Student: 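Could you have a look at this structure, given as structure tokens, before my questions?
Keep in mind it's a predicted model, so treat the numbers as computed, not measured.
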Amino acid sequence: MNSPEPWVIGVGAAVGTAGSVLSLLATTVLQGDGVVGGAPGHAAPTAIRQLPAATDHFTGRWELVKHIRRLVLGPGLPKRWGRRGAGRSGRLRVVTLWGRGGVGKTALAVRLGHELARDFPDGQMYVDLRGASDTTSRAPGDILAVLLRDLGVDPGAVPEDLDDRMRLFRSRTAGLRLLIVLDNARDETQVRPLLPGGTTSLVIVTSRPRLSGLEGGTSFELSVLEHDQAVELLGKLAGVARVAAEPAAAARIVRACGLLPLAVRIAGARLAGRPAWSLENFARRLATQHRRLGELQAGSLDVRTSITVGYNAQPAVNQRAFLLLALCDAPTFSVLPLQAAMDCSRARAERVLDELAEAQMLEWLGHNAVGQSVYRYHDLVRDYAFELLTGRGLGEDERRAALRRVVGHCLSLTERAERRLTPGSHRRTARFPRWSAPPEDGGPETEPDVLQQLASEYEFLLCAVREARDAGMTTAASELASLLVAHQDTHALWSDWEQTQCPVLEACRADGDELGAAVSLRDLAVLWRLQGRLSEAEQHGLEALAIFERVGEVADTADCLSNLGWLYRVRGEHDKARLYLARALSVAERCGIQRTRGWVLQMHADLEIDAGALDTALALLRQSREVFEDIGERRGLGWTLRITGDVHRKQEQYDQALTHYRAATDLLRTHEDRRGIARILDAIGALYECMGRAQDAVRHYEDSLAAFRQLGDIQWQAYTLDALAGLCAALGEPAKADSYRTEAAALLTGLTGGETRVQPARRL
């Protein structure tokens, strides 16, 4: 029979065995020698009641219980499920409950058994197949022998041959209304011989993998509990009033348990046994990663043991991969880091990931933007993997070699993306080896777009910087952090930029890596200038410049000089700005750094606009545009077009200005340059103000102000607030104007550090 479409409850993951805590030896209650629905002449029990006791703390699955009951007992299946899988009686033959260990499969199976017991009066049978472990997994023939004895067959009459046992089992169960729970199945081959041949019985199977090859029923994937359900379960065990008295701590406890029923049950049991403990104290204990698994143990209940069962069932290559994935302690990962860590083909790494996900040791989350599968550990499984990785799982040399390959892969990917984002830039000689993937069988695969790949792997790359730094690979951390700046600058990821670069700078200084420190100082100087932290930007920029000049890295001084020039222009020190920009242009031209040359020409044009030399500004902008078009720097071209629009606006050539703004917007949107687009909104607001379209101007200014607030761009918040103040005053709204002006003044003072020098010049 074909099976109905499965009803998926959630996303499976990987922990240990939930059923292990309820595993019982099958017991038999035989009453009389009569035949009940079986073949004539065979003794059959009149009552078999083997189900374990249902837990008093069953939580969160009641809707599913009701749904399965309707499917099993209804006169027919609901239309949306069709009638496939139902026998003539309208009943399903097989219900499979699958998902990670500890998720409550056994508890649900037992609860279902008790709920349905009255509808299967010829008996309820229960067998633990012990399938989560290859070493303890029970053979189908051995289980059939137990089931046949329970059905009244004399032990001496049980056949030796498996096929004969299967035939006898089907004969003995024909016509009987039995409910059979097969708990903790390994795979379909273990289950198939244990299925009755008729349609009057129901078999409930629990397993970690999805038994998709099992015919005649439907499957339900169990996930972790919802947050409120997990808190409810904790309260049932630890005390409802106690949990209600500390709701924040209770929430932290269930989150630390990963919402996993087994872990929450253990946490509740520990609290119940320690009434003097506060939930806050226990939440703090669970917050420490290296001790969390040790805390989640109560009597025979143990999360670590539960996970170990699944880990031990894996072949050696999968065990090694499972640990290598913990090298960067990333929230998610694709196949690429594992491929590098294993130093193998992509096809092999994908196969291993599929097997780990099938075994519920990993969660499959779907596909990323480039079509690659994305996985993660359940939180407690990550703790377990890290525990093994740093303990007996892998040797120090093997861990370090694998991490070097992973970081080398990250550098290779980020370097290719950085070349796309910043064509024509100065490229420093690599100081840390890159990792190249071995050739694939059947020829090279079509590689995804490298910028989409970088965006998909971005969180992992940040983790790789941290792990490289912590492992003493300071050079690698410095290079990777610097290569990420192009992506972070384009997308205004300023918080990531700071949190990545500051620790790297400290590590470089501690290790005496003067060149790495200079690179970090330069990159941070750009960030501080963008955020309006001008004093820090100046300090870091001058220090980086001094180091580069001292060690003879002349080409690296170009970007330091240009950033300082722009900083002084923001601060209103135009003579100093011209001096540094001239020096930057000289280095860029001498060293052939076209991208820096294009940006410096653009900055010079801005200075000329400030001075009212609009024709000179247009000439500089034409040169900048030619540079960016020649090297294919579309983001830089977008900024140049925007500034060209500013010149046309000041020349009262409004149509040309709007044309340039729109062209710039199209270019910057392709790069998702939020800061650049916000600047264009400001410029269009100024354009509409010049055209006398006050309401349109206000709308664009307010939109740009909201964007600058979100970005944390103090400089352009101040400029936009100042523009709004002037516009509101002209519109007869003095209170609003004063409010905007006061806020702008405070921000502008912050830009100059409260000094009494010239205030930054506003040019919108």
Side-chain angles (χ1 to χ4, degrees), residues 1-9 12-14 17-20 23 26 68 71-72 84-87 91-101 103 105-106 108-109 112-113 125-148 161-170 173 178-199 201-222 309-310 312-315 318 351 354-362 364:
M1 296 183 186
N2 294 323
S3 62
E5 293 296 323
W7 189 49
V8 177
I9 302 302
T17 307
S20 61
S23 300
I68 296 175
L71 291 181
V72 171
R84 293 171 296 165
R91 291 196 177 103
L92 295 173
R93 292 176 55 210
V94 181
V95 171
T96 302
L97 309 174
W98 64 284
R100 66 176 70 114
V103 81
K105 301 182 297 295
T106 297
L108 176 57
L112 277 170
M125 312 182 80
Y126 173 88
V127 184
D128 183 359
L129 305 185
R130 304 173 191 164
S133 171
D134 286 340
T135 58
T136 61
S137 179
R138 300 173 71 179
D142 295 339
I143 299 167
L144 279 171
V146 173
L147 293 175
L148 286 169
D161 183 72
L162 175 62
D163 288 341
D164 291 339
R165 291 184 181 185
M166 291 166 57
R167 282 193 292 271
L168 180 57
F169 177 68
R170 290 166 186 162
T173 57
L178 293 171
L179 186 149
I180 305 173
V181 176
L182 301 177
D183 195 18
N184 201 13
R186 182 186 66 242
D187 53 30
E188 295 92 338
T189 59
Q190 189 186 29
V191 172
R192 283 197 190 99
L194 311 179
L195 300 180
T199 60
S201 294
L202 172 69
V203 179
I204 301 174
V205 184
T206 73
S207 64
R208 292 190 179 194
R210 178 174 186 166
L211 306 184
S212 54
L214 202 60
E215 303 85 3
T218 190
S219 64
F220 302 87
E221 181 181 6
L222 302 189
V309 170
N312 288 341
Q314 294 300 303
N318 290 12
R351 186 164 58 251
D354 285 344
E355 290 172 359
L356 287 171
E358 177 69 17
Q360 299 295 310
M361 297 301 293
L362 297 176
W364 179 75

Student: For Val205, does its backbone N or O pair with a side-chain atom of Thr96 as donor and acceptor, under 3.5 Å?
Tutor: no
Student: Give a yes or no answer on whether the side chain of Glu188 reaches the backbone of Ser212 with a donor-acceptor pair at less than 3.5 Å.
Tutor: yes
Student: Starting at CD of Glu355, measure out to CG of Leu362 and round the result to the nearest 0.5 Å.
Tutor: 11.5 Å
Student: Please give me the minimum heavy-atom distance between Pro196 and Ile180, naming the atom from each residue.
Tutor: CG-CD1, 3.9 Å
Student: Checking Asn184 against Thr206: is there a side-chain donor and acceptor pair closer than 3.5 Å?
Tutor: no
Student: Does Val72 reach the side chain of Leu202, with side-chain heavy atoms less than 4.5 Å apart?
Tutor: yes
Student: Are Leu144 and Met166 close enough, and set up right, to give a side-chain contact (heavy atoms from CB on, under 4.5 Å), and what steps lead you there?
Tutor: CA-CA 7 Å; Leu144 279 171; Met166 291 166 57; 3.6 Å; yes
Student: Under the side-chain hydrogen bond (donor to acceptor under 3.5 Å, both in side chains) test, which residues partner Asp187, sequence neighbours left out?
Tutor: Thr189
Student: What residues, two or more places apart in sequence or in another chain, satisfy side-chain contact (heavy atoms from CB on, under 4.5 Å) together with Glu358?
Tutor: Pro209
Student: Got a second to check how far Ile204's CD1 is from Thr106's OG1, nearest 0.5 Å?
Tutor: 11.5 Å
Student: To the closest 0.5 Å, what do you measure between CG (Leu182) and CG (Leu195)?
Tutor: 7.0 Å
Student: Can a donor-acceptor pair be found between the side chains of Ser137 and Arg186 at a distance below 3.5 Å?
Tutor: yes
Student: Distance-only, no hydrogens or angles: does the Arg138 side chain make a donor-acceptor pair with backbone N or O of Asp128 under 3.5 Å?
Tutor: yes
Student: In Å, rounded to the nearest 0.5 Å, how long is the span from CG of Leu214 to CZ of Arg93?
Tutor: 9.0 Å
Student: Within this structure, what is the NZ-CH2 distance for the pair Lys105 and Trp98, rounded to the nearest 0.5 Å?
Tutor: 10.5 Å
Student: Of the non-hydrogen atoms in Leu356 and Gln314, which two are nearest, and what is the gap between them?
Tutor: CD2-OE1, 3.9 Å
Student: Write down the atom of Gly197, the atom of Thr173, and the distance for their closest heavy-atom approach.
Tutor: N-OG1, 4.3 Å
